[in-house]
Structures are given as C-alpha cells and as structure tokens.
A.B. asks: 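This structure is in structure tokens; I'll ask about it shortly.
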Amino acid sequence: MQAAARARLIPRRALFALTFFAAGCSQTPTPPAPGAPDLPESDAPAPPSFRTDARTAETYMVSAAHPVAARIGERILADGGSAVDAAVAVQAALTLVEPQSSGIGGGAFMLHYAADTGEVRAYDGRETAPAAVTPELFLKPDGSPMGFREAVGGGRAVGVPGVLRMLERAHDAHGRTPWRALFRPAIDRARDGFRVTPRLHRLIKGDAALRADPAAREHFFTESGEPLPVGHRLTNPALADTLQTVARRGAAAFYEGPIAGDIARTVRRHPSNPGKMTRDDLSDYAAKQREPVCVPYREHRVCGMPPPTSGGATVAQILGILSRFDMRATEPMSPRAVHRIAEASRLAFADRNRFLADPDFAQVPLAGLLDPAYLRQRARRIDPDTSLGRAEPGLTGRQAAHRQSAGGRSTTHFSIVDTQGNVVAMTSSVEQAFGAHLMVRGFMLNNQLTDFSFRPRIDGRPVANRVEPGKRPRSSMAPTIVLGPEGAARHALGSPGGSRIIGYTALRVIGLLDWGLDMQQAINLPNMTNRNGPTTLEKPWHAPYNRNTVATTAAGLAGELERRGHTVERARMTSGVHGITIRPDGTLAGGADPRREGMVLGK
Ligand code: GLU
C-alpha cells in the first residue's frame with residue numbers, strides 16, 4: 001500500500017499526541033521564543049490535526065539542524081557536488097552556527113551509500129582518549145567516581161577530535177568538489193556573521209559555566225556580560241581563519257602545527273581540571289572505515305554504524321526482536337505497540353550496557369547479539385500484558401557500567417542525497433552542549449571522554465567501556481540508511497539525544513516501515529524510549545524553535561503502560577531527527593524535527 005494511502009488510514013486517536021500550529025516555511029527560525037513552556041497535562045493537545053509537512057524534491061536534498069547549514073549544503077549539491085562534498089560544507093557551517101552541538105573540535109559517524117555500487121560504508125570519526133590517560137581518569141583520590149559536573153568542565157574529558165580526519169577520508173573516497181572549495185561558504189558566513197537563533201540564545205543563557213572560558217565569554221556574551229540576544233549578528237573571524245587553513249592545507253593543518261599545539265595546550269593547561277592531550281595524540285589520530293551493521297527488517301535492510309557506537313547494534317537488536325511481532329497490525333503509538341517497543345528496547349539495552357564498547361579494545365560479541373535465533377529467543381520474553389521490569393543481558397560476558405545520558409541539548413544529525421543518488425547520514429557531536437566549554441581558534445572542544453564508564457571495574461570485573469589510552473568512548477549515535485527490497489537506499493536518518501538516540505531512531509524506522517508514515521510524519525511521532533529502566537514518555541510541551549510551533553506529547557499513554565507494570569516517567573524529549581526518503585520513483589521527501597530549528601531544502 002502506498003505510504004500516503006496508509007497514512008490516511010491511521011486512526012485519528014493514534015495520532016492524538018501531536019498538533020501543528022502556524023505551519024509556514026519562511027527561511028528563518030521564529031523570532032524570540034519565550035522558552036519552551038511545559039503544558040499542564042490536562043492541556044495536552046487533543047485535536048489530531050495531523051498532517052504531513054514533508055518537503056519534496058526531484059534531484060537532491062539536504063535536511064540539517066540549522067537553515068544556514070542546510071542552505072550551504074544545498075548550494076554545494078546544486079553545483080554538482082556529491083553528498084560527501086555537501087557533508088563537509090554542512091559540518092563546516094554547523095561548527096559556526098550550531099556550536100552547542102557539533103564542530104571540528106568534536107567527533108562524528110558517517111554512513112555513506114554509493115548509488116553506482118549499492119555499497120554502504122561506515123566512517124568512524126569518534127574521539128580517542130590521549131595516550132597518557134589511565135582507567136582511573138574519572139576517579140577521585142579516594143577511588144570513588146567523580147560527579148559528572150566535576151569531570152566535564154576543563155581539559156580532562158576532551159577527546160582527540162575526529163571530525164576533520166573522517167571527513168577527509170570520506171572525501172578522498174567519494175568527493176567530487178575540491179576540498180578547499182567546500183569551506184568557502186562557511187568561511188564567508190563566519191566573516192559576515194549569522195543571526196543568533198532562539199535555541200542558541202537559550203542555551204547560552206542557561207549555561208552558567210560557559211563564561212568561565214575567556215574565549216567563549218568573548219564570543220557568546222555581550223561586552224557587559226549578557227548572553228547574546230536572539231537576532232544578534234555573530235561573526236567568528238577566528239573560525240574563518242581556522243577553516244581557511246584547513247581548506248588550503250587539508251586536515252593535517254588541524255592535526256599538526258599551531259592549531260594542534262593550541263588544542264593540546266588548552267587541554268593540558270586548564271587551571272582547575274587539566275587533561276593529558278599532547279600534540280602527538282593529535283597527529284596520531286586516525287579515522288577508521290568499519291563494516292556497517294546491516295540487518296533485515298520486514299522486506300528492507302537497515303544499516304547502521306557499528307561499535308564504538310552502540311547506536312547501530314542496539315537499533316538492530318530492537319528491530320530484530322520486533323520482527324517477531326506484526327507491528328503493522330498495531331496502531332501507531334497505541335499502548336500495545338509502545339509496550340512492545342519499550343520491552344524490545346529494554347532487552348536490547350541490557351545487552352548494550354554490558355557488551356558494547358570500542359571493538360579495538362574490548363571483545364564485542366556483535367555476531368551473537370545480532371543472531372536472529374538469539375533475538376527470537378529474546379523476543380519470547382516479551383509478555384503482551386506485563387512488563388519485564390529490569391532485563392538482564394542475554395549473553396554471558398563482561399560487565400559494562402554506563403551513564404545514561406539523556407542528551408537533548410547538543411549533537412546534530414543531517415541527511416543528504418545528491419543528484420546521483422548517493423546518500424550520507426551523519427551524526428556529529430561535541431557531547432554536552434558546548435562540549436568542554438573550551439573555545440580554541442573559534443571552535444568548541446568536546447567532552448566526549450565522559451561517555452566512558454567512570455568506573456574501570458565493577459564487582460571486581462573490568463568494564464568493557466572503561467577508559468584506556470587511544471580508545472574510543474562508547475557512543476549512542478545511530479546514523480541509519482535503510483535499503484529497499486531491491487537493495488537501493490530508501491531512507492536516511494538519525495538523531496541527537498544521548499542514549500535516547502537509539503529509541504528516537506528505532507521509532508522512526510518503525511514509523512516508516514511498519515506504519516507507512518512519510519518521513520515528516522515519522523519524525524513528528526511523539527517520543528518514547530526505554531533504556532532498561534523506566535519507560536520515558538514525551539511530556540506535553542511546546543517545541544517553539546522550529547518554523548513550526550509544535551505541541552507534542554506521549555503522556556496520554558501513561559495509564560495503559562502503568563497497568564502493564566511499566567514505571568513511567570515524563571520528560572521533554574528533544575530529538576533532532578533529520579531524514580530523507582528516496583521514493584521508488586526516485587523523488588525525495590524530507591523531514592526536519594520540529595523540536596529543533598532545522599530545515600529541509602532541495603530541488
Ligand atoms: N555523546 C553522545 C554520544 O556520542 C551524544 C550526546 C547527545 O546526543 O547529546 O552518544
């Protein structure tokens with residue numbers, strides 16, 4: 001059945017949770033937002049005036065978290081650039097306009113689909129721990145783990161950035177436009193300035209620690225120390241210079257020489273919380289190409305990023321477990337469907353938390369975790385009426401402790417399809433909003449090392465995701481490319497959101513493949529996740545920052561889930577899914593998450 005026809009059949013009740021107001025498609029985000037007010041539950045939006053807002057195009061498309069970045073990517077594609085060319089330009093632009101989320105001082109994962117061969121490749125630009133760290137990096141002198149806040153600010157948690165080496169590697173393989181030309185639009189923007197958006201303003205305002213770093217203070221605050229107001233034209237000449245150097249001399253100019261020297265110095269000389277990074281750590285950094293994790297789901301294949309992110313494998317486990325159920329027969333977001341998704345997710349997270357880590361350091365039993373027979377056995381544990389409560393990992397093996405970051409302020413995902421049908425799904429991050437809160441030469445340094453387990457041993461056993469020199473911290477980022485029955489790319493998507501990324505992404509795949517939603521409808525689904533604890537439902541709130549103001553909630557499901565034994569919590573769940581569908585006729589339909597400021601552009 002055609003997606004549009006299916007969507008029309010979706011019962012209104014099932015989509016009770018989401019309402020659009022004031023849909024428009026002006027090129028700039030809404031003016032000053034009054035914050036993001038929570039709604040009383042009684043005011044949870046009832047009228048299901050659900051409609052699709054998918055942007056469509058014939059030849060190329062980009063969906064990204066900021067209009068300036070989307071426009072820059074579109075320009076590269078219009079000039080005949082490849083999807084990877086556009087990704088380089090979009091990332092350069094996001095470093096400028098979305099510094100809270102990602103940048104050249106952070107790490108990323110990219111999935112690439114090549115239209116001519118049908119091959120999916122996975123590029124790993126995850127940060128690494130400096131050579132001089134020990135597994136006790138985040139322990140206090142008395143041996144107890146540091147508090148998160150203690151660990152995060154300063155140089156201690158900064159990992160060796162991976163974005164530029166990864167982009168260069170992908171560009172060597174799939175680039176069409178010369179590397180140096182790809183930075184031009186972001187350089188020009190950095191010199192001319194861009195308008196501070198409501199989201200950026202709110203994040204600066206709410207961040208007490210940002211002004212402690214002299215460079216960040218100068219960049220993000222007025223002379224009198226106020227957070228830059230919405231609409232302020234913000235320039236970044238230091239970043240323009242950095243990008244210019246990288247454009248001319250390649251990623252090596254970042255990893256060797258004065259830029260690397262400044263990064264290492266800033267990390268090591270932090271007055272209160274220094275790290276151990278050296279120039280050698282930077283020059284030694286290597287991006288990796290890995291084997292993507294591709295699993296069958298319905299008549300499709302869902303391809304994701306392998307470890308060191310837990311994203312692809314955990315999404316694959318959730319879908320593998322759900323393969324046992326006829327999800328098409330359930331109403332979208334009905335209590336029955338959400339119960340099954342939550343339970344599948346709970347089981348998958350039990351394994352994730354124990355087994356997944358950097359495969360160059362830990363033995364990750366990936367094949368066992370994705371074995372269909374094993375997943376069938378896991379699926380049998382799901383009772384239609386009663387929650388499992390806390391699930392235990394299913395394979396035996398080493399213990400892995402974990403911090404369940406809920407994310408929501410940082411990280412970014414963009415999806416790109418070029419004129420030839422090549423596809424990029426890339427998720428990029430500085431970890432927390434503004435990363436380590438250290439600004440060097442116009443960009444923010446990440447705090448990605450806090451994605452390691454702070455405790456190296458639990459119950460006397462070493463933890464798979466413990467800190468080790470040169471190791472990549474486990475991530476949850478889950479860039480995803482879905483292949484259709486004939487093997488061609490059909491969907492590209494992904495999201496920010498800490499370890500909730502996994503649930504946000506899996507839900508959209510279910511929306512697309514089981515419920516026949518189009519990309520924008522799937523993105524609009526109210527959020528729910530389970531990370532082997534409480535089931536979290538999106539609480540009623542206005543997500544005011546997009547061109548569309550959206551009221552969304554899944555809170556109405558609480559009663560039905562509690563009856564099945566779930567502990568339910570409500571949270572503002574700021575996903576940021578940016579996706580593109582390539583329809584069987586080759587036309588494109590994109591979606592941008594109304595919970596952020598992003599936009600779909602194409603032609
Ligand atoms: N650092 C997280 C990860 O790599 C992402 C953080 C977020 O999405 O806010 O999984």
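Order of appearance sets the numbers: ligands from 1, and atoms from 1 within every ligand. Heads up: numbering here begins at 1 and tracks the sequence.
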A.B. asks: Non-hydrogen atoms of Q432 versus ligand 1: any pair closer than 4.0 Å?
C.D. replies: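 The answer is no, since Q432 has no heavy atom less than 4.0 Å from ligand 1.
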A.B. asks: Decide, yes or no, whether a salt bridge links R441 with D262 under the criterion of side-chain N to carboxylate O below 4.0 Å.
C.D. replies: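 A salt bridge links R441 with D262.
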A.B. asks: Within the structure, does S475 bring an N/O atom to less than 3.5 angstrom of an N/O atom in ligand 1?
C.D. replies: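 Yes; at least one N/O pair falls below 3.5 Å.
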A.B. asks: Anything under 30° is parallel, anything over 60° is perpendicular, the rest tilted; go ahead and classify F138 against F454.
C.D. replies: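 Parallel, since the angle between the ring planes stays under 30°.
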A.B. asks: Under 4.0 Å from a heavy atom of Q448: which atoms of ligand 1 are those, numbered in the order shown and with their elements?
C.D. replies: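 Within the 4.0 Å cut-off of Q448, ligand 1 contributes 1 (N), 2 (C), 4 (O).
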A.B. asks: How does R126 reach ligand 1, by side chain, by backbone, by both or by neither, if only non-hydrogen atoms under 4.0 Å count?
C.D. replies: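 For R126, only side-chain atoms sit under 4.0 Å from ligand 1.
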A.B. asks: Heavy atoms only: which of S476, G498, G435, S575 lies closest to atom 10 (O) of ligand 1?
C.D. replies: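 When every heavy atom of S476, G498, G435, S575 is considered, S476 comes closest to atom 10 (O) of ligand 1.
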A.B. asks: Could you tell me whether I501 and ligand 1 have an N or O pair separated by under 3.5 Å?
C.D. replies: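 Not met; the criterion fails.
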A.B. asks: Determine, step by step, whether S495 and R500 satisfy the side chain to side chain contact (heavy atoms under 4.5 Å, CB included) criterion, reporting the C-alpha distance in whole Å, the side-chain angles of both residues, the deciding distance to 0.1 Å, and the verdict.
C.D. replies: CA-CA 9 Å; S495 181; R500 287 188 184 138; over 6 Å; no
A.B. asks: Could you tell me if Y123 and H174 have a donor-acceptor pair between their side chains, going purely by distance under 3.5 Å?
C.D. replies: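 Yes, because at least one side-chain N or O of H174 sits under 3.5 Å from a partner of the opposite role on Y123.
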A.B. asks: What are the atoms of ligand 1, with element, lying closer than 4.0 Å to any heavy atom of G497?
C.D. replies: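 Going through ligand 1 atom by atom, the ones under 4.0 Å from G497 are 7 (C), 8 (O).
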A.B. asks: Could you check whether D451 pairs with R126 (Lys NZ or Arg NE/NH1/NH2 to Asp/Glu carboxylate O, under 4.0 Å)?
C.D. replies: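 Salt bridge present between D451 and R126.
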A.B. asks: Salt bridge or not between R409 and D207? Use side-chain N to carboxylate O under 4.0 Å.
C.D. replies: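 Answer for the salt bridge query: no.
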A.B. asks: Only heavy atoms of D451, strictly under 4.0 Å: list the atoms of ligand 1 that pass.
C.D. replies: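 Those atoms are 1 (N), 2 (C), 3 (C), 4 (O), 10 (O).
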